[in-house]
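Remarks on the structure that follows.
Chain A is the first sequence line, chain B the second, and so forth, proteins listed ahead of strands; every chain is numbered from 1. Hydrogens, waters and symmetry mates play no part in the numbers below; they use all other heavy atoms, side chains included.
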Amino acid sequence: MAITYDKKLAVFQEAISIEEADGLMEWLIKTPKSKIDLTQCQHLHAAILQVLMAAKPVISAWPQDENLQAWLASALNHNNGE
Amino acid sequence: MAKTILVVDDSPTILMSVKNNLEIAGFTVETAMDGIKALAKLSDGPRPDLIITDVNMPNMNGIEFISKARMLPGYRFTPILLLTTESQQEKRDEAKRLGATGWIVKPVSGEGLLKIIKQVLPGA
Amino acid sequence: MTPLLEQFMSEARDVLQGISEKLMQLEAEPNSRETINELFRLVHTLKGNSGLFEFPEMTRVLHAGEDLMDAVRDGRVNYSQMLADRLLDAMDFVNLLLDEIEINGEIGTNHVQHGLQQTELLRQLLGTATAKTVENSGATVAKAVKKIHKKLPNMASLVALPEAQRMALYEQSISVNTLHLVQYVPEHECFFKGEDPFFQARQIPQTIWHSVQAVEPWPVMAELDAYCCNLEFQALTATSPDDLYELFRYTPEQVSINAVPAIVMALPSGEPNGGPVYGDFVVDALALLEAGDIAKLINVSNTMLELHSPNLWLSSALRWLLLVLKLEPNNHSAQRILIESFNHLVAPNWADLTPNVEIESLEEVTVAATLDTEVVTNVATNDDSFALNFILQAQRQILHLPDSDTWLVGRLNSVAATLTAIHINAGRQDVLPTLQDALAEALTASTAAPLLMWLDDYAMQANTPALNAANKVEPGVVQGKLVGEVLEGASLSQNVATRLDINQNEASTDIDADMKFGRRSEDSYSAPKTLKVDQVKIDILMNLIGEMVVAKNSLPYLAGLAETQYGVRELGREIKSQYAVINRIAEEMQDAIMQVRMMPVSFIFQRFPRLVRDTSRKLEKIVNLVLEGEETEADKNIVEALADPLIHIVRNSLDHGLETPEVRRATGKPEAGKLTIRASQESNRVYIEISDDGKGINPDVVKRKAYEKGIIDEATMERMTDQEAVNLVFAAGFSTTEIISDLSGRGVGMDVVRSAVEKVNGTVSIESEVGKGTLIRLSLPLSMAITNVMIVESADQAFGVPMGMVVETVRVPKSNIRTIKNHKTMVLRGRIIPLLSLNDLLAVDAPQLANENEELAMLVVQINNESIGILVDEFRETVDIILKPMTGIIGGLGGYSGSALLGDGSVLMVLNLKELF
């Protein structure tokens with residue numbers, strides 16, 4: 001699994017495929033004040049991206065991948081990517 | 001982790017060429033000679049991360065194969081590329097409508113093939 | 001040859017055969033959809049495969065063939081005999097190329113001309129196919145119209161980039177317009193097509209600014225459909241549009257790509273509260289701008305800059321103003337906006353500078369350009385319309401550059417070249433003369449105006465309804481504003497112009513390919529369930545089993561040794577019983593391998609329908625060909641050896657045997673002649689009979705002819721039976737027709753057939769009845785891999801003689817041998833037979849040895865229907881051997897048909913007696 005869920009924190013690793021969308025949504029709905037750690041994330045499918053955009057969880061760590069970080073920063077309305 | 005690609009074409013020459021190129025690039029390659037055999041491979045065997053299929057094939061052609069594959073559990077979102085010639089625009093459109101992700105124009109060099117695959121397969 | 005090329009060659013041969021078969025079938029039933037579809041598929045496959053290699057001649061011809069078959073399939077072109085003829089010729093050409101590749105590994109340049117001819121002949125048949133295409137262009141146009149772009153987004157977040165970087169980008173973008181905005185709205189259901197739009201967006205190279213937004217506001221989480229894409233991606237990039245079109249080639253309708261003015265980079269940033277701005281500055285600056293006193297404006301601004309800390313927002317704005325004044329001195333609106341921003345210390349939203357009206361009219365121009373190129377080219381694909389839209393727009397932009405430019409001449413020529421290329425590509429050569437005139441005028445007057453007028457006029461001339469909308473737009477006005485004021489750079493056009501030139505080459509070959517709108521229905525084709533193996537591999541197996549037989553044969557010898565020399569009888573018996581087992585397996589294996597080598601005679605029969613068709617047409621005869629027993633099998637070498645003799649016989653029948661319809665009618669026969677080729681198998685021989693119901697062979701004519709040619713003397717001619725006379729056609733140098741025809745003739749007679757058949761140990765016989773027809777029968781061994789030979793000794797050497805030739809072996813008392821006229825003879829059962837000594841034949845200077853009873857060993861052999869006695873020293877056993885032809889220097893040696901390995905490891909030379917006489 002490219003997403004590991006740990007209480008209120010979901011850790012994204014490598015490429016997150018669309019197959020993870022259902023699980024992520026479910027987790028986000030039942031986990032208020034959830035946090036996402038994207039440090040090791042290389043890519044996430046557009047479906048995953050829109051789930052994040054709609055749910056607006058706290059991004060506790062931004063991806064190391066610069067291109068991904070730049071895009072996500074604009075998508076998830078955070079400024080700490082800059 | 002090596003990605004698996006299923007290549008479907010009735011021409012052994014094309015299969016050989018594509019398979020060689022993909023294997024050199026480190027992919028695991030499965031092959032099938034027509035749509036029916038390809039569907040059998042999909043329902044039984046390791047799930048490919050990408051499917052490349054020819055259009056004109058005996059028994060079941062590529063377009064029908066794509067529409068059928070999309071109905072199989074686990075293949076709703078799998079990228080599928082059509083192997084076509086430049087003269088098959090209407091086939092591309094039809095295939096796109098029925099669920100193809102894109103197409104590869106034959107003939108394709110090994111480099112060109114990899115470039116296209118990298119464009120539709122994250123992490124490849 | 002690489003394995004891939006080998007694979008290609010083998011598949012190509014099969015496909016070519018398939019094509020020719022399908023064409024034959026089509027001849028019989030010209031309306032069979034199934035056959036037409038299959039034919040298309042075959043040509044299509046072959047063309048596709050040939051493209052894997054550098055065989056342009058082959059691909060070109062096949063491409064034309066594919067287009068032609070596609071047209072036939074769509075009903076745009078009707079099947080005709082001429083079409084079949086040309087297609088067959090083209091496939092023959094391809095076959096020729098394959099031969100050459102097989103031999104040389106490549107295609108020689110000498111075929112280029114021929115290839116072009118073949119292509120042209122095929123394309124001619126397609127000639128009428130164009131009209132339909134034009135009607136279809138409407139659909140493509142409609143699609144293009146939908147591509148209306150939105151206004152520029154607010155790119156305020158660009159401010160996040162360091163000012164220095166933005167300034168560099170601005171500067172670069174002014175001189176070479178490189179900035180493009182990509183707006184990408186994937187369709188809702190795109191995920192179900194395997195697309196990942198985010199991954200796609202991330203591949204936009206050299207992005208400077210990104211934005212991802214929801215198209216519709218997000219619903220509450222519980223109602224969110226994660227699988228329905230609700231995203232819009234935007235990015236500012238410094239990449240060329242070409243790369244962007246390439247990237248989004250699968251979904252061009254979901255993306256718009258627009259050049260963005262460099263000015264969007266001009267976003268002041270920094271500490272806002274740097275004290276009050278001199279209230280007058282804005283007013284003064286605006287007044288100076290209005291008055292056109294730029295020098296003073298620069299002066300004032302510099303002074304202001306010196307008075308303020310550089311990290312203030314104000315200073316940043318001043319730096320931008322100075323930069324814009326320097327690089328875009330005429331962009332007054334941008335300068336004004338920058339000055340006005342001092343009032344509220346907020347970076348300008350440049351999207352407002354390029355007001356909606358203008359942006360939209362730019363779009364209309366885009367569309368208009370797209371429209372007329374669509375019409376012009378008939379065939380533009382979606383991707384092309386992107387490019388074409390830029391091309392025409394680019395030409396206009398280039399032409400709008402100031403005429404004073406030193407590069408004017410080059411620019412005009414380049415625009416003209418580009419326009420010429422587009423129109424040639426579109427098949428609109430008719431407009432070229434006017435274009436040439438316009439160019440000449442422009443060059444003489446050193447102004448771009450004539451070409452611009454031509455462009456506009458040209459757009460007006462086109463009278464397609466779809467174009468009317470485009471005509472309302474006045475491109476010049478829009479260009480003037482946008483190009484002059486904001487974009488100011490023509491670099492974009494340069495890019496596009498170059499791109500067009502490159503595309504020209506490809507495009508011209510693709511144009512035909514794109515001319516199709518027909519549907520391709522699929523067809524079923526069942527591939528044979530056979531394994532293809534290179535013949536070389538079978539030959540290796542065959543050699544191995546040969547060696548195995550030899551090795552195995554040493555076991556009885558070993559058993560004997562055990563018994564006699566070492567006195568271990570038990571072991572000897574054990575070895576013998578093991579030998580029996582190994583022997584059985586080896587024999588079965590040999591048999592199995594021979595089975596693998598067997599192939600049906602249909603392999604050669606299949607070429608006859610074509611041969612008979614072509615030949616009879618040329619001769620204006622009507623011939624029904626009947627093939628029987630095609631499934632009969634024989635060794636591959638035998639079947640292959642049969643091909644040429646059979647073709648010769650068939651041609652002879654068509655040429656000399658079967659009569660023209662008129663003659664046949666006159667003699668009371670049906671108009672159509674009948675030619676039957678029948679194969680059958682009896683015990684270990686294959687029989688092929690070729691019979692016709694033609695005029696037969698007249699023995700008297702043959703006799704007289706043979707006499708005239710000096711083949712027989714008068715006496716022989718007198719006493720010859722009719723059958724003997726007919727057999728004369730096999731005599732060397734005999735040809736019955738006076739005129740050597742283009743078909744069977746060239747001075748080669750049936751003797752060639754006879755020798756070819758005999759080479760594989762076959763025989764040929766002929767029966768003929770005047771007025772009724774002729775039957776030629778070939779008898780061939782099933783396999784030539786295993787030869788049964790008798791071993792004889794002469795001068796202390798062993799030789800093999802094929803058992804097929806040996807009639808009997810006789811011990812002849814020396815005293816029975818008579819010498820008549822220097823020739824040894826003897827009477828055997830009342831017949832005189834000539835005797836020859838093997839030593840003499842082999843030029844060994846030794847007499848043949850007699851046994852203790854003074855008897856000589858004589859081998860009676862049958863050569864050319866004549867019995868001859870060969871004297872040898874001794875007979876030995878007969879053995880099955882695998883005959884290997886001799887190669888290298890000794891290959892040229894006459895008198896031997898080959899060599900074989902014997903059980904004791906020695907080499908046996910097998911004699912070819914016919915060559916010895």
Is the shortest side-chain N to carboxylate O distance from B/Arg97 to C/Glu189 below 4.0 Å? no
With a 4.5 Å cut-off on heavy-atom pairs, point out which of C/Phe53, C/Phe8, C/Tyr227 contacts chain B the most.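 Result: the option with the highest number of such pairs is C/Tyr227.
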[X] side chain to [Y] main-chain N or O, any donor-acceptor pair under 3.5 Å?
X	Y	result
C/Gln203	B/Gln119	yes
C/Lys193	B/Lys96	yes
C/Arg41	B/Met57	no

What heavy-atom pair brings [X] and [Y] nearest, and what distance separates the two atoms?
X	Y	result
B/Trp103	C/Tyr250	O-OH, 2.6 Å
C/Gln7	B/Pro12	NE2-CB, 3.3 Å
B/Ser11	C/Thr45	CB-CG2, 4.0 Å

Heavy atoms only, distances under 4.5 angstrom: which of B/Pro79, B/Ala95, B/Gly99 has the most pairs with chain C? Name it, please. B/Gly99
Can you tell me which portion of C/Gln200 sits under 4.5 Å from chain B's heavy atoms? Options are side chain, backbone, both or neither. side chain
Under 4.5 Å from a heavy atom of chain B, the part of C/Phe191 involved: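 Answer is both: backbone and side chain atoms of C/Phe191 are under 4.5 Å from chain B.
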Under 4.5 Å from a heavy atom of chain C, the part of [X] involved:
X	answer
B/Leu121	backbone
B/Ser17	both
B/Arg76	both
B/Lys115	side chain

Supply the atom-to-atom distance C/Leu4 CG to B/Asn21 CG, rounded to the nearest 0.5 angstrom.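 That separation rounds to 8.5 Å.
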Taking atom types as modelled and ignoring hydrogens, do the side chains of C/Glu11 and B/Thr13 form a donor-acceptor contact shorter than 3.5 angstrom? yes
